[in-house]
Visitor: 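Here it is, the structure, as structure tokens.
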Amino acid sequence: MTTPDKPINFIQQIINADIEAGQVGRVVTRFPPEPNGYLHIGHAKAICVNFGLAQEYGGHCHLRFDDTNPESESEEFVQAIIEDVRWLGFQWHGDVRYASSYFVQLYTWATYLVQQNLAYVCELNAQQMRDYRGTLTEGGKDSPHRDRPAEESLTLLEEMKQGSIDEGRMTLRAKIDMQSPNINLRDPVLYRVKKLVHHRTGSDWNIYPSYDFAHGQEDAIEGVTHSICTLEFAANRPLYNWFIEQLPVPSKPRQYEFGRLKVNYMVTSKRKLKLLIDQGHVDGWDDPRMPTLSGMRRRGVTPRAIRNFCDSLAVAKTDGVVDIGQLEHFIRDDLNRDARRAMCVLDPIKLLIANYPAEKHESFNAAVHPNREDMGTRELHFSRHLWIDRSDFSEDSSLSRKKYKRLVLGDYVRLRGAYVVRADQVVKDQQGNLVEIHASLVPDTVGANPPEGCKPRGVIHWVCADRSIECTVHRYDRLFSQPLANSAEQSFADCLNPHSLDVIKNCQAEAALADARVGEHYQFEREGYFCLDSGAGTDGELVFNCTIGLRDTWQK
RNA sequence: UGGGGCGUCGCCAAGUGGUUAAGGCAACGGGUUUUGAUCCCGUCAUUCGGAGGUUCGACUCCUCCCGCCCCAGCCA
């Protein structure tokens, strides 16, 4: 589908070796989002990698919610994530899975660890635990409760579970090594008390497992063979393995890490995205300016463009920042191939064809797509009164033909799909503002070259004033004016582009656009790619979102 | 100055001891074009973070150095 001989990445090499060594029968991967926000472009890569690997090796990929912390998780996010994964074009194997489905098993394993003297209930509070943990360069101190009898820990753990222990008072910790140079191994927390209602288990639990204690075991339960995550979890791998070794788990998954996708001018942090919403900088998770899958969908980005983009990215251990231009390339590439062509005048000014009878009307057939006859034709209406874009006309006849390929007073231009016309005179109001252009058409130039000596400067789009439909166009600019690369973390809110949304009212679109449907993509010729907005529009207003402008390579 | 990971063209990135150091994006030339789009052609790293070393031969092996990222949540 993509590059025929794309190099094999390091994970594929590992899988190949595993298969060759007979270590792995069927490859099983998983995409494990926490339902505490919407999916964004960064998740798209993880989805493509995990589902892609399963597809490639004829294996399975699970969709599993890592819902171990009810604090910020919700059913709304679960549903949104499910919809986004489907929209991106992937189907998980079997039912949607949840970490919360394994809570009982996880708890059983926790008691097993206590019985093996590998875990204990600790009564240090958060601050004390921090103090006991040591620092990056110095080891920590053993908790005073580290050697309490297993029976006592078991009783306390049961009390935590029953809800008789207050939040923050106790935790269940693994007994590993407080001197370990890897801080994750300094007796990590397995369970903490959280008296919260969980969106799936309700009030069944007063304690919830930590990520470290849950993730690997979830993988083991599901028979995941290759648990692929991002680089920041590399330091957790020894802990992941420790649980898999100590516990009687049904399978032994392995964790591999690759570089998380970052794109400049975009934020891919759920916390920051949430902030943008909470502070009112955008309308919501699906605001077309958001790098969320739902935002991009509403903006008009196709799932295939996102997939192609992700497939073009390497699965490697370097963590770079991809230029947003690369994403844009795949968006244009996909839209160019399939988008229906149409004309829409964003800043209309009247063009009166003086030598065309007032009562006359013609219609021409124009290709829906210039390079694809199979997409058929559409009907273009033509009459004496037309709309063209203000920026496509100039009174300055000294403008060179090379520099200005549009309509100039006294010169010719081609009306796309229709006649060649010449601008003859200009009508202005009291203030001297241009209100109308009078032109004359060159006969017999529809679908035919003009006579010798008549050289149109270029081609401009237009719309028949009698049949056009009014619409609103939303044009977007990047949400941030700074690349926000790497650690430009500081105050990302200060980098917001105040002009990220441009609402253009009273645009004039060709009649065929009255049939536009949500989910269809259009190219407004000479402008860009657009789609009908799926969000607002209850008042019958026709709103088109600009997905992305056409590539624009001429210097002004 | 603990541990882990990474450094190849402006960006992403192949390369696993012998290749003219892939490819994509961007950029820049030129051609086609009733979209300044698409499409097509061409240009774009004597050099692989740096310095040494091993070798007939190193981006690939060794040593040291420099730089960047991650880990001290009862977040994931």
Side-chain angles (χ1 to χ4, degrees), chain A residues 3 5-9 13 32-34 36 66 68-69 71-72 122 124-126 129-131 133-140 167-173 180-186 188-194 207-208 210-212 214-215 229-238 257 259 264 270-271 312-314 316-330 332-333 336-337 341 343 366-367 369-371 402-406 413-418 420 445-449 456 458-461 486-487 523-528 549-555:
Chain A
T3 334
D5 35 55
K6 196 181 172 184
I8 284 209
N9 66 51
Q13 289 178 25
E34 183 190 13
N36 66 345
D66 223 348
T68 59
N69 182 1
E71 214 162 296
S72 51
C122 176
L124 253 29
N125 64 35
M129 199 180 293
R130 210 168 296 139
D131 294 340
R133 185 150 34 222
T135 66
L136 291 178
T137 51
E138 300 158 36
E167 283 188 30
R169 286 270 297 109
M170 292 182 191
T171 57
L172 179 72
R173 295 226 260 164
S180 174
N182 182 342
I183 292 184
N184 295 288
L185 260 21
R186 319 239 261 231
V189 169
L190 273 43
Y191 270 96
R192 61 307 207 196
V193 177
K194 273 182 191 286
I207 57 173
Y208 292 93
S210 64
Y211 164 83
D212 286 308
H215 205 94
C229 62
T230 43
L231 250 26
E232 66 267 30
F233 291 100
N236 299 55
R237 184 170 5 109
E257 313 88 23
N264 57 16
K270 278 191 263 192
R271 187 183 63 79
S312 81
L313 268 17
K317 293 206 167 208
T318 44
D319 55 340
V321 180
V322 177
D323 193 288
I324 194 168
Q326 192 150 334
L327 205 210
E328 293 173 341
H329 162 78
F330 286 100
R332 289 197 181 95
D333 186 53
N336 172 55
R337 191 161 46 232
R341 309 293 134 124
M343 289 193 279
H369 190 117
N371 311 322
K402 178 122 180 142
K403 206 177 169 195
Y404 193 79
K405 305 165 81 163
R406 311 177 185 190
V413 81
R414 158 78 67 182
L415 294 180
R416 167 128 252 235
V420 169
T445 48
V446 179
N449 288 328
V459 182
I460 65 171
H461 59 286
N486 290 323
S487 53
Q523 183 198 98
F524 289 176
E525 291 186 287
R526 301 211 313 129
E527 292 287 357
L550 249 30
R551 198 155 162 269
D552 197 1
T553 54
W554 59 291
Q555 70 290 26

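All chains are named by letter (A, B, ...) in the order of the sequence lines, taking the proteins before the strands, and each is independently numbered beginning at 1.
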Visitor: Distance check needed: B:U38 C1' versus A:N336 CG, whole Å only.
Guide: 5 Å
Visitor: Would you state whether a donor and an acceptor, one from the side chain of A:R332 and one from the base of B:U38, lie under 3.5 Å apart?
Guide: no
Visitor: Please report the distance, rounded to the nearest Å, between CG in A:L327 and P in B:A26.
Guide: 12 Å
Visitor: Could you run down nucleotides 71-76 of chain B 5' to 3' and tag each one B, S or - for protein heavy-atom contact under 4.0 Å?
Guide: BBSBSB
Visitor: Nearest whole angstrom, please: distance from the P of B:U34 to the CZ of A:R406.
Guide: 18 Å
Visitor: Got a donor-acceptor pair under 3.5 Å from the side chain of A:R414 to the base of B:U34?
Guide: yes
Visitor: Select base, sugar-phosphate, or nothing to describe what A:G325 touches, counting heavy atoms under 4.0 Å on all strands.
Guide: sugar-phosphate
Visitor: Please report the distance, rounded to the nearest Å, between CZ in A:F330 and C1' in B:G24.
Guide: 7 Å
Visitor: Say we look at B:C61 and B:C6: how far apart would their P atoms be, to the nearest angstrom?
Guide: 12 Å
Visitor: Nearest 0.5 Å, what's the CG-CZ distance between A:N125 and A:R169?
Guide: 9.5 Å
Visitor: Does the side chain of A:H461 get closer than 4.0 angstrom to OP1 or OP2 of B:U35 through an N or O atom?
Guide: no
Visitor: Base, sugar-phosphate, or nothing for A:P238, non-hydrogen atoms under 4.0 angstrom?
Guide: nothing
Visitor: Would you give the length of the straight line joining atom NE2 of A:H329 to atom CD1 of A:I324, rounded to the nearest 0.5 angstrom?
Guide: 14.5 Å
Visitor: Start at the 5' end of RNA chain B and walk down; is the nucleotide closest to A:N371 or to A:A448 reached first?
Guide: A:A448
Visitor: Determine yes or no for a side-chain-to-main-chain donor-acceptor pair under 3.5 angstrom, with A:R414 supplying the side chain and A:T445 the backbone.
Guide: yes
Visitor: Does A:T318 use its side chain to pair, donor to acceptor, with the backbone of A:G320 at less than 3.5 Å?
Guide: no
Visitor: Is there a Watson-Crick or G-U wobble partner for B:A14 with both distances under 3.5 Å, and if so, which one is it?
Guide: none
Visitor: Supply the atom-to-atom distance A:K405 NZ to A:I460 CD1, rounded to the nearest 0.5 angstrom.
Guide: 14.0 Å
Visitor: B:U55 and B:C65: how far apart are their C1' atoms, nearest whole angstrom?
Guide: 23 Å
Visitor: In the structure shown, which nucleotide is the Watson-Crick or G-U wobble counterpart of B:C28, with both distances under 3.5 Å?
Guide: B:G42
Visitor: Give, for atom CD of A:E257 and atom CG of A:D319, the distance between the pair rounded to the nearest 0.5 Å.
Guide: 12.5 Å
Visitor: Please work out if A:K317 contacts a base, only the sugar-phosphate, or nothing of the nucleic acid, heavy-atom cut-off 4.0 Å.
Guide: sugar-phosphate
Visitor: Taking atom C1' of B:G36 as reference, at what distance in whole Å does atom CZ of A:R416 sit?
Guide: 12 Å
Visitor: Rounding to a whole Å, what distance do you find between A:K402:NZ and B:G30:C1'?
Guide: 10 Å
Visitor: When the P atoms of B:C59 and B:G18 are compared, how many Å lie between them, rounded to an integer?
Guide: 11 Å
Visitor: Rounding to the closest angstrom, what is the interatomic distance between B:G15 and B:A22 at atom P?
Guide: 14 Å
Visitor: Taking B:U60 as the reference, what is the distance to B:U47 when you measure between their C1' atoms (whole Å, please)?
Guide: 14 Å
Visitor: Please report the distance separating the P of B:G31 from the corresponding atom of B:A13, rounded so that it comes out in whole Å.
Guide: 36 Å
Visitor: Check whether any side-chain heavy atom of A:R526 lies under 4.5 Å from a side-chain heavy atom of A:R416, and answer yes or no.
Guide: no
Visitor: Below 3.5 Å, does any donor atom in the side chain of A:E527 face an acceptor in the base of B:U35, or the other way round?
Guide: no
Visitor: For A:L550 and B:U35, what is the distance between atoms CG and P respectively, to the nearest whole Å?
Guide: 11 Å
Visitor: Expressed in angstrom and rounded to an integer, what is the separation of A:D333 atom CG from B:A37 atom P?
Guide: 16 Å
Visitor: Contact class for A:V446 vs. all strands (heavy atom < 4.0 Å): base, sugar-phosphate, or nothing?
Guide: base
Visitor: For A:N236, run the side-chain contact (heavy atoms from CB on, under 4.5 Å) check against A:L185, A:N184, A:N182 and tell me which one passes.
Guide: A:N184
Visitor: With hydrogens left out and only the distance checked, is there a donor-acceptor pair under 3.5 Å joining A:R551's side chain and the base of B:G36?
Guide: no
Visitor: Expressed in whole Å, how much space separates the C1' atoms belonging to B:C44 and B:C9?
Guide: 8 Å
Visitor: Would you say the side-chain atoms of A:N69 pair up with the backbone N or O of A:Y208, donor to acceptor, closer than 3.5 Å?
Guide: no
Visitor: Does A:N36 reach the main-chain N or O of A:S72 with its side chain, forming a donor-acceptor pair under 3.5 Å?
Guide: no
Visitor: Between A:R186 (side chain only) and A:R133 (backbone N and O only), is there a donor and an acceptor less than 3.5 Å apart?
Guide: yes
Visitor: Quick check on B:A37: is either OP1 or OP2 less than 4.0 Å from any side-chain nitrogen or oxygen of A:T553?
Guide: yes
Visitor: Taking atom CD of A:E34 and atom CD of A:E71, what is their separation to the nearest 0.5 Å?
Guide: 10.0 Å
Visitor: Any base atoms under 4.0 Å from A:G259, or only sugar-phosphate, or nothing? Heavy atoms, all strands.
Guide: nothing
Visitor: What nucleic acid atoms does A:A367 come within less than 4.0 Å of, heavy atoms only: base, sugar-phosphate, or nothing?
Guide: nothing
Visitor: Please check: side-chain N/O of A:T171 versus main-chain N/O of A:V189, any donor-acceptor pairing under 3.5 Å?
Guide: no
Visitor: I want to verify the glycosidic state of B:G57; is it syn or anti under the 90° rule?
Guide: anti
Visitor: For nucleotides 7-17 of chain B, just jot down a letter per nucleotide in 5' to 3' order: B, S or -, based on protein non-hydrogen atoms under 4.0 Å.
Guide: S---SSSS-B-
Visitor: Please measure how far the C1' atom in B:A51 lies from the corresponding atom in B:C56, and state the result in whole Å.
Guide: 23 Å
Visitor: Under a 3.5 Å cut-off for both distances, is B:U33 Watson-Crick or wobble paired, and to whom?
Guide: none
Visitor: Taking a pair as Watson-Crick or G-U wobble with both distances under 3.5 Å, which nucleotide is matched to B:C6?
Guide: B:G67
Visitor: At 4.0 Å (heavy atoms only), tell me whether A:R341 reaches a base, stays on the sugar-phosphate, or touches nothing.
Guide: base
